[in-house]
Amino acid sequence: MIRPRPHRPARHPSAGTPGAAASGPAARRDDRHGDGPRAGAGSPAARTGAAVALVLAAVCYASWLLGPVLNPGLRPVESYLSELAARDQPYHLVFQLGDVTTGICATVAGLLLARWARDVPRPAWWGLLVFGVATAVDGGWTSMDCAPSVDARCARLEELGDLSWRHQAHTVTSSVAVAGALLSLVVILAVLRGPARRRAGLVVAVVVAVGTVGTLVAAVRPELGLGLWQRTQLAGLSGWLLLAAAVARRGPRPEQPR
């Protein structure tokens, strides 16, 4: 007598198959919430746009390199870079426009990256946003009245506090911009991966740190080369903007070979 084969319930094709659960609707929901394989990728178009804006910001922030050509009367060793944009100086609109363009580009990039670049902690982009807004205000509204390093009357009025509110507010907006940049740089350095990127980040950080400390010391002792230290600082900040552009485009980790 032939024994009937015991009835077994039919199995779903995906049941028990390794990785099958990763292709269903639940996995797609996880990816949308940042838990899937594409977590942190964000929008490629938004990240590319932010990277382009940051490169443009880095270029415009280096407008001070035109100083010896457009305004040779300001001595690079002794003068503040902000004096190039002082309202009584020749071609001041060129340098003001450079700061305003830098600020707008950095602000747009900060807003895009805070929304889309989820693989970097948001304080990096908040710092970029603060830098952008402060720099735009610095170039558009709080530029200096005059250049105290070459104008004795201007220096005296500045000492007495008799210059406009915009001139006096310039120190505040400049300081806020640098503080935002330093916050962003520190956060980006903390998440950089890969030896080449870390070396580049370390070089940028050293240049910014040396320039910032030198500027603070020379602000008290101008004879120590205030202008050179500040130019070192701004060169480092342009490097930070380029570093941020690379991170915005590709993320903080080097791409893995496929």
Side-chain angles (χ1 to χ4, degrees), residues 34 40-64 81-82 85 95-142 170-194 197-198 200-209 211-212 215 230 232-253:
S43 165
R47 297 187 68 142
T48 299
V52 171
L54 286 169
V55 171
L56 180 58
V59 172
C60 291
Y61 204 51
S63 63
W64 56 270
L81 283 171
S82 300
F95 302 103
Q96 288 181 2
L97 180 61
D99 282 348
V100 171
T101 305
T102 296
I104 292 173
C105 289
T107 299
V108 170
L111 290 172
L112 289 172
L113 294 170
R115 172 65 179 87
W116 294 109
R118 298 185 297 272
D119 49 359
V120 178
R122 283 185 176 176
W125 312 131
W126 294 340
L128 176 62
L129 186 60
V130 168
F131 166 83
V133 173
T135 301
V137 172
D138 200 33
W141 287 279
T142 61
H170 172 78
T171 301
V172 176
T173 52
S174 296
S175 300
V176 170
V178 172
L182 291 177
L183 170 63
S184 176
L185 175 59
V186 168
V187 176
I188 289 174
L189 287 175
V191 298
L192 278 181
R193 297 294 180 268
R197 289 190 169 201
R198 284 182 169 176
L202 182 60
V203 169
V204 170
V206 168
V207 173
V208 172
T212 301
T215 299
Q230 195 186 29
T232 300
Q233 181 192 48
L234 265 68
L237 291 178
S238 284
W240 155 69
L241 289 167
L242 293 175
L243 179 67
V247 172
R249 180 68 184 90
R250 299 293 185 183
R253 294 173 174 79

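Shortest non-hydrogen contact noted between Cys105 and Ala57 is CB-CB, 3.9 Å. Contact record, Val176 with Ala134: CG1-CB, 3.9 Å, taken as the closest heavy-atom pair. A pairwise comparison of heavy atoms in Leu241 and Leu54 identifies O-CB, 3.8 Å as the closest pair. Ala50 and Leu112 get closest at one heavy-atom pair: N-CD1, 4.0 Å. Annotation for Ala245 and Val55: closest pair CB-CG2, 3.9 Å, computed over non-hydrogen atoms.
In this structure, the side-chain hydrogen bond (donor to acceptor under 3.5 Å, both in side chains) partners of Asp138, at least two apart in sequence or on a different chain, are Thr142, His170, Thr173, Ser174. For Ser63, the side-chain contact (heavy atoms from CB on, under 4.5 Å) partners are Phe95, not counting sequence neighbours. Partners of Thr212 under the side-chain contact (heavy atoms from CB on, under 4.5 Å) rule, at least two apart in sequence or in another chain, are Val208, Leu216, Gln233. Partners of Ala62 under the side-chain contact (heavy atoms from CB on, under 4.5 Å) rule, at least two apart in sequence or in another chain, are Trp64, Leu65, Ser238. Taking the side-chain contact (heavy atoms from CB on, under 4.5 Å) definition, one finds that Cys60 meets it with Leu56, Thr101, Thr102, sequence neighbours left out. In this structure, Ser175 has no side-chain hydrogen bond (donor to acceptor under 3.5 Å, both in side chains) partners at least two apart in sequence or on a different chain.
Looking only at distances, no side-chain donor or acceptor of Arg249 sits under 3.5 Å from a matching main-chain atom of Thr48. A donor-acceptor pair is defined here as one N or O able to donate and one able to accept, closer than 3.5 Å; no such pair exists between the side chain of Arg47 and the backbone of Arg250. Here the side chain of Gln96 pairs no donor or acceptor atom with the backbone of Gly140 at under 3.5 angstrom.
Of the charged side-chain nitrogens involved, none lies within less than 4.0 Å of a carboxylate oxygen, so that Asp119 and Arg193 do not count as a salt-bridged pair.
With values rounded to the nearest 0.5 angstrom, Ser43 atom OG is found 9.0 Å from Arg115 atom CZ.
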Considering only distance and modelled atom types, tabulate donor-acceptor pairs under 3.5 Å from the side chains of residues 177-191, sequence neighbours left out.
from   : atom 1 : to     : atom 2 : distance (Å)
Ser184 : OG     : Ala124 : O      : 2.8
Ser184 : OG     : Trp240 : NE1    : 3.2

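Using a 4.5 Å heavy-atom threshold, the side chains of Val120 and Leu113 count as separate.
Applying the side chain to side chain donor-acceptor pair (under 3.5 Å) definition to pairs two or more places apart or across chains, none involves residues 121-132.
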Worksheet entry | side-chain contact (heavy atoms from CB on, under 4.5 Å) assessment of Leu243 paired with Leu192 | CA-CA 10 Å; Leu243 179 67; Leu192 278 181; 4.3 Å; yes
